[in-house]
Amino acid sequence: MDALTRRVLDGPLPVAVQGSPLAARLITADLTAWLETLARDLSDAEIAKTFTQRFAAHAAAGLVREDALCLQHTYAAVLTRTLGDPAPPCADGPGSPPIDAAHLTRILARVIAVAERTPVLVRPSPGPRTPRDSTPRDASHRTARWCVAASCSADDIKPALRAFRAANPDALIAVTGVHVTAFTTCPPTDAAVLGPHGLVPVDKGDTTRAARRAALAAVIARYYGTDVKDEDATPLLAAVDLPATEREAYVVRCLGALHTMERNRHLLQTLAVYLAHSQCTAAAARSLFIHRHTLAYRLRTIATITGLDLDAPFDRMRAEMALLLSDANCWGMPRRRGASRGH
């Protein structure tokens, strides 16, 4: 805990915290709340209760809301960096499991929501205001308004994150493996550096819902190779958000042995490429580096195995949907709200 507190104190802090005799004690108490929350599977209501108490402590220490929220941003950044440490610190001491970045992102979303419901605190002024400080400070300038999510390749993720951070210095970013989730106060700048991504607004301060919908949109963006806004793909988001068992059942029903048998993987790839090239035989064959006659033979085999007629619009839609859901299953999906951890 002392090491974590020192990391926070050594980083950029709000002016009101710098040099305060209460700073170390306040930061240690905040970090304890973070680590205890990370170590347990708390409901959103329990998380909100914990951090409502912490924001009350900030108010008692004389911090305005924007300074208190800035501290939470710092904690999240420090804890995210500890994910790469050989033995990340946990609330339960040595031998505890490492911090889960996806769980950290969920907590951060709830903390932001709590901050948005916290009444604005006004720091008493010791004397008359000068012309410079007569302009009201925007206490919500760090409030999350947008959420962007993407999945980068292992080779590309570090340079992509550096470029995104440079373009969006105030963004709150969490990384889980190759999956990136970021909150910004305005539409993110140069999000294309992350590759195909999902972008959603944070509606009514519900950052938990925004993070999940952005992750779902990122699955669709990755499959189609284009950026996706949630309002442009609402029906697809609902399909991708099905429970894993229902997604898998649909894929098996549509694709059958094409999906369940490893020896048919080349046929699954052939189907995906053929549909991606709008059923253009010549373009699909060139992309697969095979002869057109070979492609025709594979398509007949696909029809025999699946029973799908790719010239029929409904069957073609079913095949496209099954491929999308299969891709979602392969990459893994964010945990559904209300589900138990580890499921």
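Residues L161 and I173 have side chains in contact (heavy-atom distance under 4.5 Å, counting atoms from C-beta outward). The closest side-chain heavy-atom distance from R247 to L325 is below 4.5 Å. For the pair L216 and L236, the minimum side-chain heavy-atom distance is 4.5 Å or more. Residues T184 and D170 are not in side-chain contact: their nearest non-hydrogen atoms beyond the backbone lie 4.5 Å or more apart.
Annotation: the span from R212 atom CZ to L237 atom CG amounts to 10.5 Å, rounded to 0.5 Å. Rounding to the nearest 0.5 angstrom, the gap separating the OG atom in S326 from the OH atom in Y250 is 12.5 Å. Taking CG of L255 as the reference point, atom CG of N264 lies at 10.5 Å (rounded to 0.5 Å). Rounding to the nearest 0.5 Å places CE of M261 at 3.5 Å from CZ of R263. To the nearest 0.5 Å, atom SG of residue C147 and atom CZ of residue R213 are 11.5 Å apart. Here the CG-CG distance, from L295 to L288, works out to 6.5 Å after rounding to the nearest 0.5 Å.
In this structure, the side chain of D315 does not engage the main chain of L308 through any donor-acceptor pair within 3.5 Å. Using modelled atom types, no side-chain atom of D230 and backbone atom of V200 make a donor-acceptor pair closer than 3.5 Å. Judged by distance alone, with hydrogens and angles left aside, the side-chain atoms of T294 form no donor-acceptor pair with the main-chain N or O of I290 at under 3.5 Å. Judged purely by atom type and a 3.5 angstrom limit, H197 uses its side chain to pair as donor or acceptor with the backbone of G195. In this structure a side-chain-to-backbone donor-acceptor pair under 3.5 Å is present from T304 to R300.
Judged purely by distance below 3.5 Å, without hydrogens or angles, the side chains of R298 and T270 pair a donor atom with an acceptor atom.
Test T301, L271, V251 against L258 for side chain to side chain contact (heavy atoms under 4.5 Å, CB included) and you get one pass: L271.
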Please step through side chain to side chain contact (heavy atoms under 4.5 Å, CB included) for the pair E320 and Y224, ending with a clear verdict.
-> CA-CA 11 Å; E320 186 80 21; Y224 286 104; 3.2 Å; yes

Tell me, with the steps shown, if V228 and L199 meet side chain to side chain contact (heavy atoms under 4.5 Å, CB included).
-> CA-CA 6 Å; V228 172; L199 178 65; over 6 Å; no

Evaluate side chain to side chain contact (heavy atoms under 4.5 Å, CB included) for V175 paired with H179, printing each intermediate quantity in order.
-> CA-CA 6 Å; V175 182; H179 304 296; over 6 Å; no

Would S151 and R222 count as a side chain to side chain donor-acceptor pair (under 3.5 Å) if you check the C-alpha gap in whole Å, the side-chain angles of each, and the deciding distance to 0.1 Å?
-> CA-CA 7 Å; S151 295; R222 183 174 56 241; 2.9 Å; yes

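Residue pairs satisfying the side-chain hydrogen bond (donor to acceptor under 3.5 Å, both in side chains) criterion with at least one member in residues 274-286, sequence neighbours excluded, are listed as follows: Q279-R316.
When all heavy atoms are compared, the tightest approach of V148 to A214 is C-CB, 4.4 Å. The nearest pair of heavy atoms linking R318 to R253 is NH2-O, 4.0 Å. Residue A319 comes nearest to L275 through the heavy atom pair CB-CD1, 4.0 Å, listed as atom of the first residue, atom of the second, then distance. When all heavy atoms of W146 and C186 are compared, the pair lying nearest together is CD1-C, 3.3 Å. When all heavy atoms of P196 and D227 are compared, the pair lying nearest together is CA-OD1, 3.5 Å. Residues D190 and F164 approach most closely at O-CD1, 4.3 Å, considering heavy atoms.
Among residues two or more places apart in sequence or in another chain, the side chain to side chain donor-acceptor pair (under 3.5 Å) test is passed with D156 by S153.
Ion pairing of E262 with R265 is present here, as a side-chain N (NZ or NE/NH1/NH2) and a carboxylate O approach within less than 4.0 Å.
Cluster membership for L268 and V252, using ILVMFWY side-chain heavy atoms within less than 4.5 angstrom, is not shared.
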